[in-house]
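One structure is given here, and the rest of the page talks about it.
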Amino acid sequence: MDPDARFASLVEALATRPGVGPPGASGRRGFGSAALTVHGSIFAMVVGGALVLKLPAHRVEGLVTTGTGLPFAAANGTPMREWVALDHGTPASDLALAEEAMAFVASRATRGG
């Protein structure tokens, strides 16, 4: 399953959850315009042919170590420690990680961080 189809499955599963905005709902243009957000903050998107999620740094490190994910880098090549690129996965594993990412971002948004 390609990353766009995997992301579309996540949008379908998560877009109706409280606080979640589907792609385009935020009115953003450019970076993040085609992302899933929670309370206005991005938690899942497709970039460079991979599904990309925001998770705690220690979780990203674990996913990279086990080969489940790859480090995600900004356009200038700088690794972003709280972002992981999943170049492969299943709908079930994608959804579980996306729910984890959504909870992580939501917890930071509600406490102002």
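For reference, positions follow the sequence shown, starting with 1.
Of all heavy-atom pairs between I42 and A35, the closest is CG2-CB, 3.7 Å. Between F43 and V38 the shortest heavy-atom distance is CD2-N, 3.7 Å. Across all non-hydrogen atoms, the minimal contact from L36 to F7 is N-CZ, 3.8 Å. Pairing each heavy atom of R81 with each of A57, the nearest pair is NH1-CB, 3.2 Å. L53 approaches A101 most closely through the heavy-atom pair CB-CB, 4.1 Å.
You'll find the side chain of L10 reaches within 4.5 Å of the side chain of D94, heavy atoms only. Side chains of V46 and R6 form no contact here, defined as non-hydrogen atoms less than 4.5 Å apart.
The hydrophobic clustering, which links ILVMFWY residues whose side-chain heavy atoms are closer than 4.5 Å, places L95 and F104 together. L70 and V47 fall into different hydrophobic clusters, defined by Ile, Leu, Val, Met, Phe, Trp and Tyr side-chain heavy atoms under 4.5 Å apart, directly or through other members.
Residues meeting the side chain to side chain contact (heavy atoms under 4.5 Å, CB included) test with T90, sequence neighbours left out: A92, S93. The side chain to side chain donor-acceptor pair (under 3.5 Å) check on N76 picks up T78, with sequence neighbours excluded. Evaluation of the salt bridge (Lys or Arg N to Asp or Glu O under 4.0 Å) rule for E99 yields R17 as partners, not counting sequence neighbours. Residues satisfying the side chain to side chain contact (heavy atoms under 4.5 Å, CB included) criterion with A73, sequence neighbours excluded, are absent altogether. The side chain to side chain donor-acceptor pair (under 3.5 Å) check on T16 picks up nothing, with sequence neighbours excluded. Residues forming a side chain to side chain contact (heavy atoms under 4.5 Å, CB included) with V60 (at least two apart in sequence, or on another chain): L55, V64, V84. Scanning for side chain to side chain contact (heavy atoms under 4.5 Å, CB included) contacts around A15 gives V11, P22, with sequence neighbours left out.
Counting only distance, with no hydrogens or angles, the side chain of S41 and the backbone of T37 share no donor-acceptor pair below 3.5 Å.
Annotation: salt bridge (Lys or Arg N to Asp or Glu O under 4.0 Å) contacts involving residues 40-52, sequence neighbours excluded, are absent. Residue pairs satisfying the side chain to side chain donor-acceptor pair (under 3.5 Å) criterion with at least one member in residues 42-59, sequence neighbours excluded, are listed as follows: K54-E82, R59-E100. Pairs of residues two or more places apart, or lying in two chains, never qualify as salt bridge (Lys or Arg N to Asp or Glu O under 4.0 Å) while including a residue from residues 62-71.
Going from atom CG of L86 over to atom CG of L63 covers 7.0 Å, rounded to the nearest 0.5 Å.
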